[in-house]
Amino acid sequence: MKKFFGRPVTKVVSAILVSFILIISLSQYALSGTTMAAETPTANNVKTNLWGSGGQISFDLKGCSGYLTITVVVEFNTDVKSPSGWGFDTYTANGHQVTATVKADGANSWGFNSNVGIQVDGSGITSAKVVSVTGSGTYTAPANNNNNNNNQNNQNNQNNQNNNSEARPEFSSPAVSTFGTTGDDWLSTDGSKIVDMNGNQVWLTGLNWFGYNTGTNLFDGLWNAELESSIVSIADHGFNLMRVPMSAELLLEWKKGNYPTANYNHAYNSNLNSLNSLEIFDYVLTLCEQNGIKVMIDIHSANTDASGHNHPVWYTDKISEDQYIEALKWLADRYKNFDTIVAIDLKNEPHGKPNETPHAIWNDSNDANNWKRVAERAGNAILDINPHMLIVVEGIQIYPTKPTANNFTSTSEADYYNTWWGGNLMAVRDYPIDFGDEARNRQIVYSPHDYGPLVYQQPWFSGDFTYDSLYNDVWHDYWLYIAEEDIAPILIGEWGGFMSGDNLKWMEYLRDLIGKENLNHTFWCYNANSGDTGGLVKDDFKTWDDEKYALVETVLWKNDAGKFIGLDHEVALGANGISLSDHSGNAPTPVLNEGSGTDESSTGTGAAAGSGSESGTGTEGGAPAGSETGAADAGNAAPSDGSYPASPAATQTPQAEKEGSANSGILITLLLLSVVMLIIVVILNVNKYHIRKLDNEFEKRINTEYNGPRGNDNSHK
């Protein structure tokens, strides 16, 4: 017993105790903040989107933890200017290169280990690459910070949230009507007119805002602007419809429970930080409803790709025709009782010249590339779910000059009428879209696209073209006859451009046609980063181009008092508009479709890693040469128990919370082990003390009894 509790063992136990205390100290130091970077910073998943006069490169930063500053250098093939982007604190252009930095204690510290991007202006930009990613300095994070953000950024986010709190609507995912009445705003047609449920004619006058088709998985421009204020501004400027380009691939990912990352400035849009990309889309729809804006979804491309619209048909090697239909059905079912989405544009600009493979055709065949066949299949699939949805059908590029002799069999361009991609609706006269019954056919709207000479120098722009020459050479024969002969309504899905020279003259002529004929339209576009048209807002995505807006404003729907008229019977269109009931004097009886309008596959947990942010860069050219100048005209799902977030919150990523919880668990475990060891040492030392005391008493008694004074007769009685 004495050997066991001897000095060597005490030293060992003491050493163990000191070691555990040291481990706890080091662990606390390492987990609450470190001055040593364990990894080498890298740029992964690099994506580029280039449009000649500008360009964008995005990537995922990795291995940034522990550094104070991350510096990234990217290089373009030519000199660049006006660098900006998202996820960095500073952007500096020097010739071909841009240097961007982000600090761990800066306003954009969320960019550490996140998707970030750099955008530039220039001329002849055709390539971009990451040259270097370096980390410098060391950073010790605040001990109680579990969201990978610094105090300053948290304060910025809180300020943003406070500033937006009054405007933030009630929110649910999937989106449901929280402001207007559900099912009272469905539209149909009456000859060439679009009408509400009471038969009152309405006028769809809107705009395009792309990004959901490009890989941004959200509207482009939110690296500079704020979502809520942007949608409010669109409504206040009087646009009652928003055409939202999307990819079939993104819809299918959402259907599967995968949520590609939405790319935006987290500090400017802190309300979105706790939402995955599908939840953000639902929030977009809620904001539109709150501001009186209706939505038309446009399947802009099959694949998620800033240049995806260049592919001539609705299927690719990645997305089949069946999958394309599946995406439309999921969309229709999820929102079948949410009448903020009032129309679906089946496919953006089917096209192709007769000698190209594949190319879209329009006839009575079962050809895989027959757009009429596929449009009827897709439209019926949607109407099976929601019979009140407007089905918007675009044209193709070519149509035979002699259909009876050449049913798309010739490969000679001379045997065809050739126009803009999606702009040729000549086939409607011979082969109109037919959904099988009169009620369904009243949901059909035909949609051409039309552009000016700065997009492509079509033959009809030669010489001194006039309003009358454009009417005779293009508009009437290719698509306007459909409205003039009361066959169906026309909605010009894209028109727009730069305000200069002959292009401005063309814009004014088409604007006059729209006003004269009350043609429905969605202007291309809101985005500043449309390479061959520009946008309604300037490069900051906040400042409106007053000259361009003044041109478009004359063909927005207004009453005699100058108030913009919305398409919602209850909700006024922005601050400067009125509701549809205010205008018509009556409100229809709501109609609901069967079921909840949601799909079980739309719920899930966990957000998939997203693709990089890419922006659209142009619209469409086309015609005889068949080329287009534009490169791209272009979190967690709802819990399975049905509960949803009450409103977007500014809390940060669940991953950061998990890491914080794991770190806390380690510290607690080490602390408990240390306490146990301390208790053991105390017990051992107490026992040792008592044993030594007993030993001493025993030895004392022995000494007293056996070693006492000799000759004392009483000593051993």
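Counting from 1, the numbers follow the sequence of the chain as shown. The figures that follow rest on heavy atoms only: side chains count, while hydrogens, waters and symmetry mates do not. From a predicted model like this one, the values you see are computed outputs, not experimental measurements.
Residues Met246 and Asn213 are not in side-chain contact: their nearest non-hydrogen atoms beyond the backbone lie 4.5 Å or more apart. With a 4.5 Å cut-off on side-chain heavy atoms, Val116 and Val102 do not count as touching. No side-chain heavy atom of Ser247 sits under 4.5 Å from any side-chain heavy atom of His300. Side-chain contact between Asn593 and His388 is present, with heavy atoms from C-beta onward closer than 4.5 Å. By the 4.5 Å heavy-atom criterion applied to side chains, Gln56 and Val120 are not counted as neighbours. Under the 4.5 Å side-chain criterion, counting only non-hydrogen atoms from C-beta, Ile57 is in contact with Val46. Considering only heavy atoms from C-beta on, Ile297 comes within 4.5 Å of Ile341 through its side chain.
Among residues two or more places apart in sequence or in another chain, the salt bridge (Lys or Arg N to Asp or Glu O under 4.0 Å) test is passed with Glu326 by Lys255. Ser233 meets the side chain to side chain contact (heavy atoms under 4.5 Å, CB included) test with His237, Trp544; sequence neighbours excluded. Residues satisfying the side chain to side chain donor-acceptor pair (under 3.5 Å) criterion with Ser229, sequence neighbours excluded, are Glu226. Among residues two or more places apart in sequence or in another chain, the side chain to side chain contact (heavy atoms under 4.5 Å, CB included) test is passed with Thr316 by Ala302, Asn303, His311, Lys318, Ile319. A search for ring-ring contact (aromatic ring centres under 6.0 Å, His included) contacts involving Tyr264 returns His266, not counting sequence neighbours. Considering only residues two or more places apart in sequence or on other chains, Tyr212 meets the ring-ring contact (aromatic ring centres under 6.0 Å, His included) condition with Phe219, Phe281. Remark: Tyr91 pairs with Phe88 by the ring-ring contact (aromatic ring centres under 6.0 Å, His included) rule, at least two apart or across chains. Not counting sequence neighbours, the partners of Val133 by the side chain to side chain contact (heavy atoms under 4.5 Å, CB included) test are Pro41, Ala43, Leu61, Ile70, Val72, Val130. Partners of Thr543 by side chain to side chain donor-acceptor pair (under 3.5 Å), not counting sequence neighbours, listed by chain and number: Asp540. For Ser579, the side chain to side chain donor-acceptor pair (under 3.5 Å) test picks out Asp582, with sequence neighbours left out. Not counting sequence neighbours, the partners of Val571 by the side chain to side chain contact (heavy atoms under 4.5 Å, CB included) test are Phe179, Asp568.
No salt bridge links Lys538 with Asp545; every basic N to acidic carboxylate O contact stays at or beyond 4.0 Å.
Below 30°, between 30° and 60°, or above 60°: for Trp223 and Phe541 the angle between ring planes is above 60°, a perpendicular geometry. Relative ring orientation between Trp330 and Tyr335 is described as perpendicular, the plane-to-plane angle rising above 60° on a 0-90° scale split at 30° and 60°.
Applying the salt bridge (charged side-chain N to carboxylate O under 4.0 Å, His left out) test to every pair with at least one member in residues 282-291, sequence neighbours left out, gives these pairs: Asp282-Arg334.
For the pair Asn271 and Tyr283, the tightest heavy-atom approach, listed with the atom from each and the gap, is ND2-OH, 4.2 Å. Here the closest non-hydrogen pair linking Tyr324 and Lys347 is OH-CB, 4.1 Å.
When atom types are taken as modelled, the side chain of Trp209 and the backbone of Asp220 share a donor-acceptor pair closer than 3.5 angstrom.
A cation-pi arrangement is found for Lys542 relative to Tyr268, the charged atom lying closer than 6.0 Å to the ring centre and inside a 45° cone about the ring normal.
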